[in-house]
2 protein chains.
Amino acid sequence: MTDLNPDIFKHIDPERRGTTSEEVIAQLREMIHRGDLRPGDRLPPERDLAKMLGVSRPTLRAGIRSLAAVGVLQSRQGAGTFVVKADGPPSLDSSPLRLMASLHGFTSAEMFEARQALEMAVAGLAAERATGDQMATMAEEVAGMFASLDDPEQFLVHDVRFHQTVAAASGNRILTSLMNMVATILFDTRIKTVKRATDLRESAEMHRHVYRAIREHDPEAARLAMSAHLSKAQMAWEAEADAPEGLLPEGNGSNGNGAGFSL
Amino acid sequence: MTDLNPDIFKHIDPERRGTTSEEVIAQLREMIHRGDLRPGDRLPPERDLAKMLGVSRPTLRAGIRSLAAVGVLQSRQGAGTFVVKADGPPSLDSSPLRLMASLHGFTSAEMFEARQALEMAVAGLAAERATGDQMATMAEEVAGMFASLDDPEQFLVHDVRFHQTVAAASGNRILTSLMNMVATILFDTRIKTVKRATDLRESAEMHRHVYRAIREHDPEAARLAMSAHLSKAQMAWEAEADAPEGLLPEGNGSNGNGAGFSL
DNA sequence: GGTTCAAATCGGTCATACCATTCTTCCTGT
DNA sequence: ACAGGAAGAATGGTATGACCGATTTGAACC
């Protein structure tokens, strides 16, 4: 969490290509790629940094805000601006995907299918690479599911942790990030589904099948087990969605229609 | 594109939760989810919109900039601010993933593996759903590759278009977006690889295998053929780049073109 | 009717001031 | 001497106002 050597910041070239704020973004981005800015680093105060770069504070703030919007920087009033610290698995913001979904009318079927494809991929990789500790964690979460058959909320906690463990065991942080991105969007709908699910036991069984395939280092079996599990989950969700219990946070109108769904 | 009815913009509640600009973002985002803002729509001028929302212009600009950073809005000096128009397949900005890769030291192996997983998924789906037109386009691109064996740059153009056609044939725009996101990052490295590739013919052959599997509606064969193709491509790249461990040269950033790949 | 140019429009940038939150430091009281 | 708290400094957040440059628009002109 140390501050940075101010010398690494250089003035913006007046004869630049695009707008001034774009040049600020480009410079900060390049410093990240070059390794001058590392996770947890604290940037100089806006007033000072603006002086160093030779731009006004609003322009600098515009650049910082753009990088903050994509999850690279984080500003805290009174504290400073920091390069995002990676404590868990790196995560990409899902709101861009959410907005794209709304703008282009992505269907829930597409969303489920994308999640299924990603989860199958990580399950297959996990079957090849999972360590003993990771498999132990999976087993614990499966056990937790069986122990929470009468507590849907707790069940969902174990469910989520199981999938995250599988993703971590895949050893591919990019696929993990993409999977989380999609899964996050579907999370709210999962809450509602799981809460009224009559067959949590069946879900737990399917998770156990995934676990066993991974333990046996059988990628294809793991992929198929994961696929079956998610297909079942999607069917359960669709059954709920048809029911007129409309708790979709939306309202409005429009249309919706068809296969629409609010993310 | 038409302007909007100003009445749909409402004042920001003074007793809000987070910061003012966050509230602006939340409101704009909700309007997109609700369908009040549609692709191609033009927002009111910043000065007017700031009045309508009851915030200052810098605060409004902060919100707009955040949404522009994730590719939802686009401002053009002198023209106005627009909701991004979907001319091609919707595309997510790849720079966040690029930055995450630099910050967390993602390896090129992970990147290739993620691309391989996504391409396999879309290839399998394409084998199930590709239309006649789409298969015809694929065949044309394969033919174009064979016709460009002595012109690596032209070969790469057909290569990219082939993969995009397959992705489009998958019918899943989310997977397509994610795939483009990863593929874009690897694009510059592909240029270098393909330029010195000694066996473009073999690459073209492998693309043809993918095409044939899709034409025969054989998902598993399509997945395997695509996997083999990308494994080969990765090996070729690794052979070229033994020395440098660095990846991720900085690109233009920003979305812009509807194609996803910047050529 | 088509072209050109000037005015209006609109986002980009800058300067400045003040507010809200957080951090630091020093003082106070035990 | 030490712990607690309060005052001040540091820092990001917001607001106001102005000017610039790019774009659009429309009217005048050919």
Can you see if the side chain of [X] gets near the phosphate of [N] - specifically, an N or O under 4.0 Å from OP1 or OP2?
{"X": "Ser21(A)", "N": "dT13(C)", "answer": "yes"}
{"X": "Arg42(A)", "N": "dT11(D)", "answer": "yes"}
{"X": "Thr19(B)", "N": "dT14(D)", "answer": "yes"}
{"X": "Thr59(A)", "N": "dG12(C)", "answer": "no"}
{"X": "Thr20(B)", "N": "dT14(D)", "answer": "yes"}

Among [options], the nucleotide that comes nearest once only the side chain of [X] is considered:
{"X": "Pro45(A)", "options": "dG11(C), dT11(D), dT13(C)", "answer": "dT11(D)"}
{"X": "Thr81(A)", "options": "dA15(C), dG12(D), dG11(C)", "answer": "dG12(D)"}
{"X": "Arg76(A)", "options": "dG13(D), dC23(C), dC14(C)", "answer": "dC23(C)"}

Original post:
If we ignore angles and hydrogens, is there a donor and acceptor under 3.5 Å between the side chains of Arg65(A) and Ser21(B)?
Top reply: yes

**OP:** Tell me yes or no: between the side chains of Arg98(B) and Thr184(B), is some donor less than 3.5 Å from an acceptor?
**Re:** no

What is the distance, rounded to the nearest whole Å, between atom [atom1] of [X] and atom [atom2] of [N]?
{"X": "Arg65(B)", "N": "dT13(C)", "atom1": "CZ", "atom2": "C1'", "answer": "11 Å"}
{"X": "Arg61(A)", "N": "dT13(C)", "atom1": "CZ", "atom2": "C1'", "answer": "15 Å"}
{"X": "Ile64(A)", "N": "dT11(D)", "atom1": "CD1", "atom2": "C1'", "answer": "11 Å"}
{"X": "Glu46(B)", "N": "dG21(D)", "atom1": "CD", "atom2": "C1'", "answer": "14 Å"}
{"X": "Leu60(A)", "N": "dG13(D)", "atom1": "CG", "atom2": "C1'", "answer": "14 Å"}
{"X": "Leu53(A)", "N": "dT13(C)", "atom1": "CG", "atom2": "P", "answer": "13 Å"}
{"X": "Phe82(B)", "N": "dT24(D)", "atom1": "CZ", "atom2": "P", "answer": "8 Å"}

Subject >> Distance, nearest 0.5 Å, that separates CZ of Arg115(A) from CD1 of Ile185(A) >> reply: 12.0 Å

**OP:** Could you check Pro58(A) against Ala79(A) and say which one's nearest nucleotide on DNA chain C is further toward the 5' end?
**Re:** Pro58(A)

**OP:** Using atom types as modelled and distance alone, determine if a side-chain donor or acceptor of Asp48(A) lies under 3.5 Å from a backbone N or O of Pro45(A).
**Re:** no

Tell whether [X] reaches the base of [N] with its side chain through a donor-acceptor pair below 3.5 angstrom.
{"X": "Arg47(B)", "N": "dG11(C)", "answer": "yes"}
{"X": "Gln77(B)", "N": "dG21(D)", "answer": "yes"}
{"X": "Arg57(B)", "N": "dG17(D)", "answer": "no"}

Subject >> Over 12 foreign heavy atoms within 6.0 Å of CD, Gln134(A) >> reply: yes

